[in-house]
Amino acid sequence: MLYSRALIPTVKEAPADAANASHTLLVRGGYIRKVGAGMYDFLPLGLRALRKIESIVREEMNRAGAQEILMPALLPAEYFKETGRWDVYGDTLFRLKDRKGAEFHLGPTHEEIVTDIARREIKSWRDMPMNLYQVQSKYRDEPRPRGGLLRCREFLMKDAYSFDITEEAARASYETMRKAYCAVFDRMGLTYRMVAADPGAIGGSTSAEFQVLADSGEDAIVACDNCDYAANVEIATVKVGAPPDGGSAAEDEKKKVHTPKVGTIEDVSKFLNLPKDRFLKSLVYLANKEIVLAVVRGDHDLNEIRLARALGVDEVFMANDADVQKATGAAVGFAGPVGFKGKIVVDRAAAQVKNAATGANESDQHFTGVNMGRDWQGEVADIRLATTGDACPSCETGKLKTYRGIEAGHIFILGTRYSEKMGAQYSDEKQEKKPIVMGCYGIGVSRLVATAIEQNHDENGIKWPMAVAPYQVHLVTLGKEENVATEASRLYDDLRARGVDVLWDDRDERPGVKFKDADLLGMPLRITIGAKSLANGNIELKPRTEADPKKAELVPVADAARVIDERIKAALRA
RNA sequence: CGGGGCGUAGCGCAGCCUGGUAGCGCACCUGGUUCGGGACCAGGGAGUCGGAGGUUCAAAUCCUCUCGCCCCGACCA
């Protein structure tokens with residue numbers, strides 16, 4: 001492509017509304033433009049990057065034996081009503097009505113629709129395993145779209161669905177998809193971790209997220225420094241370990257201590273000169289409108305999702321100040337398990353603390369010498385938030401470390417959750433009707449455009465990995481000398497004949513402008529042809545990852561096309 | 001939904017407090033000089049000041065309502 005004819009509207013200044021690197025660089029580089037909150041135009045370069053990623057995903061899905069289909073984005077309400085998600089999805093669903101007043105919505109995900117295909121078309125155990133996928137725009141009325149392409153209301157997603165006869169067979173399909181996902185992210189050159197995750201609104205028994213590591217990521221994950229344990233902090237667990245004092249101390253007498261106006265663990269710890277791990281942190285929660293006291297060790301934080309799981313509810317809400325006062329009879333900061341009227345859930349580590357300090361359910365009063373069993377009772381569960389330094393739950397010596405991640409993919413074993421509700425059954429060898437066992441697998445294709453940039457950029461611009469770069473080569477010509485144009489034209493044609501994607505900056509611009517734009521746009525290889533090096537029969541070759549322009553490699557004109565072609569092929573193999 | 005902020009030329013912003021000719025930088029157009037890391041000179045075009053209502057002789061500026069957008073949180077495959 002000739003730059004002079006291309007729509008690549010680069011801008012010097014960052015857009016006022018951009019909060020992260022990928023958003024800023026995509027707009028500055030003329031890749032995308034905002035149409036509304038969470039809605040973007042893909043300009044030519046942006047679309048090329050998107051298509052490259054899409055192709056990689058398609059190739060790996062096809063290689064894994066999945067078959068591409070296309071379902072509508074506009075859907076009648078009846079399917080979501082069948083499974084109850086018409087109500088469960090709530091405000092996230094874009095709902096609309098047709099001219100007759102019939103209800104429709106835009107598809108946020110397609111389990112129901114694909115299950116409808118399955119119940120009509122899959123009849124026998126001989127028809128499975130089967131995996132159907134599509135690459136399609138999805139619509140979700142997100143509470144808060146953000147980060148440019150990272151969280152949009154309309155976004156491109158690859159969603160695949162597997163159909164199997166048994167849970168074991170479904171696990172094999174899941175494993176096939178896991179490998180395909182690794183292949184996709186490996187080919188894109190991303191650094192990522194597969195982590196155990198919460199299935200959320202999709203449901204199902206097993207799920208894993210593919211988290212691309214980036215400081216700007218919305219998700220927190222923990223990973224072991226020794227083994228392959230990794231999990232979203234939402235569901236991460238830790239090894240309990242020994243209690244802080246070794247657990248051998250004798251039980252002290254319980255005492256009430258006056259602690260005027262010191263409600264936080266931090267303050268009370270100083271006030272009583274007692275380490276934080278000897279405190280019981282008591283938090284008042286509402287679960288299905290029932291008041292519950294959650295108790296964790298003073299140096300730990302509560303994991304709300306784990307608390308909800310322990311209680312067997314969908315979600316829990318922290319009680320407001322008024323409810324806390326009503327439940328404990330004390331000001332906020334003085335709640336404790338001793339004498340608490342209501343359900344108490346205590347974390348495993350907190351249950352081990354002997355002679356603990358805790359709020360006395362009385363304003364400005366704490367207890368010390370509190371012992372579970374003797375002074376109070378509670379249901380023990382795993383409800384604390386994992387964090388850096390915690391002991392790994394699945395190996396002997398490992399320590400957990402927290403990372404930020406961007407969720408690029410999520411795979412689930414759904415079981416029969418959808419097939420039972422929608423009557424998707426097959427006949428087995430004995431003519432018995434059984435529900436199809438399903439799995440589903442998503443990749444955020446448009447999100448990956450931004451994700452690749454979050455992981456590959458510097459202060460000057462994008463540094464595209466070869467596999468997703470809109471153009472593999474950015475050819476810069478300097479000056480108006482005739483031989484520069486002649487050699488550039490020859491190289492341009494030669495590279496294109498070899499199937500190389502080349503962007504030729506043939507504009508009548510000063511060198512500085514061209515170099516700045518080349519760095520901003522971020523194509524992996526930059527070729528410079530100017531009178532200076534051409535006088536010795538050379539062109540200049542510099543990878544975008546090399547920051548120092550003086551380190552550009554001189555390549556004889558005659559070898560240039562071959563050398564560049566080889567570099568690209570090597571980069572794609574890596 | 002809670003908290004905070006912003007809507008003025010294509011983009012980034014000033015002007016608003018204290019009402020009175022709408023401004024700066026970038027981008028764009030014309031001419032000239034320049035040309036290996038975002039050049040310079042001269043000239044020029046371009047704005048319903050988000051929208052509606054109100055106060056006033058007079059509103060970008062004050063008041064009311066409203067729409068949109070961003071950030072933090074809640075929420076979210």
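Both backbone and side-chain heavy atoms feed into the values below; hydrogens, waters and symmetry mates do not. Chain identifiers are assigned alphabetically (A, B, ...) following the order of the sequence lines, protein sequences preceding nucleic acid strands; residue numbering begins at 1 within each chain. Model, not experiment: these values are computed from the prediction.
- Comparing B:C69, B:G38, B:G36 by their nearest atom to the side chain of A:S533 picks out B:G36.
- Around CG of A:D215, the count of heavy atoms belonging to other residues, nucleotides or ligands within 6.0 Å does not exceed 12.
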**Message:** salt bridge (charged side-chain N to carboxylate O under 4.0 Å, His left out) for A:R153 and A:D141? Distances and angles first, verdict last.
**Reply:** CA-CA 6 Å; A:R153 295 198 282 185; A:D141 192 357; 3.6 Å; yes
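- Dashed line: the shortest gap from a side-chain N or O of A:R144 to OP1 or OP2 of B:C76 is not under 4.0 Å.
- Summarising the geometry, the separation between CZ on A:R153 and P on B:C69 is reported as 6 Å, rounded to the nearest angstrom.
- Pairing for B:U64 is with B:A52, a Watson-Crick or G-U wobble pair whose two hydrogen-bonding atom distances lie under 3.5 Å.
- The distance between the ring centers of A:Y161 and A:Y133 does not fall below 6.0 angstrom.
- With hydrogens and angles left out, the side-chain atoms of A:H410 and A:S207 include a donor and acceptor closer than 3.5 Å.
- Looking at heavy-atom distances under 4.0 Å, A:G442 makes no contact with the nucleic acid at all.
- The nucleotide whose nearest atom lies closest to any side-chain atom of A:K12 is, among B:A74, B:C69, B:G38, B:G38.
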**Contact pattern, 5' to 3', of nucleotides 8-16 of chain B - B, S or - by protein heavy atom under 4.0 Å** = ----SS---
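- Counting non-hydrogen atoms under 4.0 angstrom, A:F155 reaches a base of the nucleic acid.
- Within 4.0 Å (heavy atoms only), A:R28 reaches at least one base atom of the nucleic acid.
- Between the side chains of A:S173 and A:D164, at least one donor N or O lies within less than 3.5 Å of an accepting N or O.
- Nearest to the side-chain atoms of A:R526 among the listed nucleotides B:U34, B:G37, B:A74 stands B:G37.
- Under the Watson-Crick or G-U wobble criterion, with both distances below 3.5 Å, B:U34 is left unpaired in every strand shown.
- Among the heavy atoms of the strands, none lies under 4.0 Å from A:E481.
- Between A:M39 and A:G444, it is A:M39 whose nearest contact on RNA chain B lies nearer the 5' terminus.
- In this structure, the nucleotide among B:G36, B:C72, B:C35 sitting nearest to the side chain of A:R146 is B:C72.
- What separates CG of A:L520 from P of B:C26 is a distance of 19 Å, to the nearest Å.
- Both cation-pi conditions hold for A:R95 and A:W86: the charged atom is under 6.0 angstrom from the six-membered ring centre and inside a 45 degree cone around its axis.
- At the heavy-atom level, A:K34 lies under 4.0 Å from the strands shown only through sugar-phosphate atoms.
- Among B:C70, B:G37, B:G73, the nucleotide with an atom closest to any side-chain atom of A:K516 is B:G37.
- At a threshold of 4.0 angstrom between heavy atoms, the contacts of A:D91 with the nucleic acid are absent.
- Out of B:G36, B:C69, B:G38, the shortest distance to the side chain of A:A37 is found at B:C69.
- At whole-Å resolution of the value, CD in A:E218 and C1' in B:G73 are 12 Å apart.
- Each of B:C69, B:G36, B:C35 was ranked by its minimum atom distance to the side chain of A:F515; first place goes to B:G36.
- If you check the side chains of A:Y418 and A:R85, you find a donor sitting under 3.5 Å from an acceptor.
- Across the strands present, B:C17 finds no partner; the criterion is a Watson-Crick or G-U wobble pair with both atom distances under 3.5 angstrom.
- In this structure, A:P9 reaches neither bases nor backbone, as no heavy-atom distance under 4.0 Å exists between it and the strands shown.
- In a base pair of the Watson-Crick type (N1 to N3 plus N6-O4 or O6-N4) or a G-U wobble (N1-O2 and O6-N3), with each distance short of 3.5 Å, B:C28 is matched with B:G44.
- Toward the 5' end of RNA chain B, the nearer of the two residues A:I529 and A:E407, judged by each one's closest nucleotide, is A:I529.
- When both distances must be under 3.5 Å, the Watson-Crick or G-U wobble mate of B:C1 is B:G73.
- Nearest to the side-chain atoms of A:V513 among the listed nucleotides B:G37, B:G38, B:G36 stands B:G38.
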